[in-house]
Number of protein chains: 2
Amino acid sequence: MTSATACAPTASTSSTAMPLAYRPQSTITESPPPGTRAVTNCSACSLHPICMPPHLSTTELARLDAIVCSTRIVRRGETLYRAGDKFKSIYAVRVGCFKTVITHRDGHEQVTGFHIAGEPLGLDGVCSDEQNCDAIALEDSKVCVIPFDLLEDLCHDVKAMQQHVHRMMSGEIVRESGLMMMLGTMTAQQRVAAFLLNLSKRMKTRGYSSAEFNLRMTREEIGSYLGLKLETVSRMFSKLQQAGVIDTNGKQVHILDSEKLAGV
Amino acid sequence: MTSATACAPTASTSSTAMPLAYRPQSTITESPPPGTRAVTNCSACSLHPICMPPHLSTTELARLDAIVCSTRIVRRGETLYRAGDKFKSIYAVRVGCFKTVITHRDGHEQVTGFHIAGEPLGLDGVCSDEQNCDAIALEDSKVCVIPFDLLEDLCHDVKAMQQHVHRMMSGEIVRESGLMMMLGTMTAQQRVAAFLLNLSKRMKTRGYSSAEFNLRMTREEIGSYLGLKLETVSRMFSKLQQAGVIDTNGKQVHILDSEKLAGV
DNA sequence: CGGGGCATTGAAGAATGTCAATGCTTGTGG
DNA sequence: CCACAAGCATTGACATTCTTCAATGCCCCG
């Protein structure tokens, strides 16, 4: 980071998170972030195998590149979109990490998901023509913007693309089913363990260490996601540490024994 | 029912609306249930506005009819599909009611949803090419079978259809988000209240009374769905009744004051 | 070096789960 | 047609888990 350039859309806003608690977690050192817009290139993107269908022809890839023509930088604490925003695009996280938050009428908030690099974002907006949650960056992040109407057009012409979109959406459904299972049947300790294992698996998928990583979210955000109070989350971390299953120091997590963790 | 002519859509069955409290819950007296197969007809189906996109041309409707060419009768307690089954089709509940159940490796089960007439079923299978839950009829039911590959073909030619499929899937995502919110933030009483209100709303959508209906599921199934024990569910029913908000007798439910119910 | 956000930990209280007994409804078989 | 078994619902007493309230410490930042 550094890039002065304006255009940081959603701008500051949801500042709240800004304080930069522990350590600087930013790192986006984009070369051309002239207007938070930059030419993208799915065909050359290293996340390509993760977020797009395989086996596209050169022509098809070119069309894809034409659609996914912009990226957007979202600074820590800023929102990518808010509930109620007109739904136009879905996003692919390219760098960084987001949380999605639903706000009840009564002001009550709940984190519904964390999204790391390579994962889609905004699929829940398709059904209602408007976003129904806020997407907030947990660290300086970058997303690819995918106009959904254009994507639908591409789906029309490229069957593999259509299938991929269907799979992404269905995948969201399954992901949420898993979370529901967790919320509905697991104890606090099991939830925290499952959360760590899930994150670990996803980190691994994109080439990071599955045993050691940094949490980008607070205990409170984890708690909100897991249906627990932050104190409970903290206690479970401590308990797992005492049991020698993990080693934690604040946001730094080291999984020492993933089997035991899974068997909690 | 009597109408020999198949296709008497919502027909008697989905008795739901009819008190029939305890009473026999079977009733599908299909004329031609020779092989659990029968000719369907989306264009003539009364659920059409609910489960298919509006404004289709005659030609398009004909194509749809050609795809949704069969129905299947599923008796109470039987499964429509099981986790692990090859994913081929999605379904639309035409008559009756289903629950979907995920089974943990440890044998632990959780109900992930209830599906009544007019609602889609099986969308979560799209992502993995296999079903990842069991769908079990809670009463004698009938579904329309929609081969997904054919549907994708139709989506290719009919934009309205493609959008509809996307909306259905996204709708599933949103539905589950709501459930997660419930599981993550609500008390037992609030969950039961929200459950009843949600069901009430869905009943209303398809023309049944929103104030009075029969539950097709047991307290245990409700509990599994809500992340509660059956005893707790039962207690909450009793509590809401004492508060004069609902009137229940076993599976028969009468919502006396939906505002109070929402404000619990 | 003082403040703020975040994390950890303890003690007490509330909500939910567990265990157990009872009754009602339905279905079955004599 | 009645008796009985099985499944479901209700209710009470007690145990456990999680939350609430509160105090303290840590770490970065201005």
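Remember, it's a predicted structure, so these values are computed and weren't measured experimentally. Letters A, B, ... mirror the listed sequences (proteins, then strands); counts begin at 1.
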Would you say the side-chain atoms of Arg72(A) pair up with the backbone N or O of Val145(A), donor to acceptor, closer than 3.5 Å? no
Give one of base, sugar-phosphate or nothing for Gly223(A), where a contact means two heavy atoms less than 4.0 Å apart. nothing
Just wondering, are more than 12 heavy atoms of other shown residues or ligands nearer than 6.0 Å to CD in Gln190(A)? yes
Whole-Å distance, Arg219(A) CZ to dC26(D) P, equals 16 Å
Roughly, in whole Å, what's the span from CD in Gln189(A) to P in dT16(D)? 16 Å
Could you state the atom-to-atom distance from CD of Glu220(A) to C1' of dG5(C) in whole Å? 11 Å
Could you check whether Ser234(A) gets within reach of a base, just the sugar-phosphate, or nothing at all, counting any heavy atom under 4.0 Å? base
Please state how far atom CG in Leu230(A) lies from atom C1' in dT8(C), giving the value in whole angstrom units. 10 Å
Could you check which residues of residues 235-242 of chain A get a heavy atom under 4.0 Å from DNA chain D? Sort them by number, please. Arg235(A)
Report, as yes or no, whether the 6.0 Å neighbourhood of atom CZ on Arg202(B) holds more than 12 heavy atoms from other residues, nucleotides or ligands. yes
A side-chain contact here means heavy atoms from C-beta on lying under 4.5 Å apart; do Phe237(A) and Ile222(A) qualify? yes
In whole angstrom, what separates Leu183(B)'s CG from dC18(D)'s C1'? 16 Å
So that I know where these two stand, are Tyr225(B) and Phe114(B) an aromatic pair - ring centroids less than 6.0 Å apart? yes
From the candidates dA9(D), dC6(C), dG17(C), the one with an atom nearest any side-chain atom of Lys251(A) is dC6(C)
Round to a whole Å and report the spacing from CG of Leu228(A) to C1' of dT20(D). 14 Å
Under 3.5 Å, side chain of Arg191(B) to main-chain N/O of Leu183(B), donor-acceptor pair present? yes
Starting the side chain at C-beta, find the nucleotide from dT18(C), dC18(D), dA9(D) nearest to Glu231(B). dT18(C)
If we fit an axis to the first five pairs and another to the last five of the helix from dC1(C)-dG30(D) to dG30(C)-dC1(D), what angle do they make, to the nearest 10°? 30°
Arg191(A) atom CZ is separated from dT17(D) atom P, nearest whole Å, by 13 Å
Salt bridge Asp140(A)-Arg76(A), side-chain N to carboxylate O under 4.0 Å: no
Do any side-chain nitrogens or oxygens of Thr232(A) fall under 4.0 Å of OP1 or OP2 in dT19(D)? yes
Less than 6.0 angstrom separating the ring centers of Tyr91(B) and Tyr81(B), yes or no? yes
Between dC8(D) atom P and Asn214(B) atom CG, what is the distance in whole Å? 16 Å
Backbone N or O of Arg82(B) within a donor-acceptor pair of the Thr79(B) side chain at under 3.5 Å? no
Toward the 5' end of DNA chain D, which comes first, Asn249(A) or Lys229(A), by nearest nucleotide? Lys229(A)
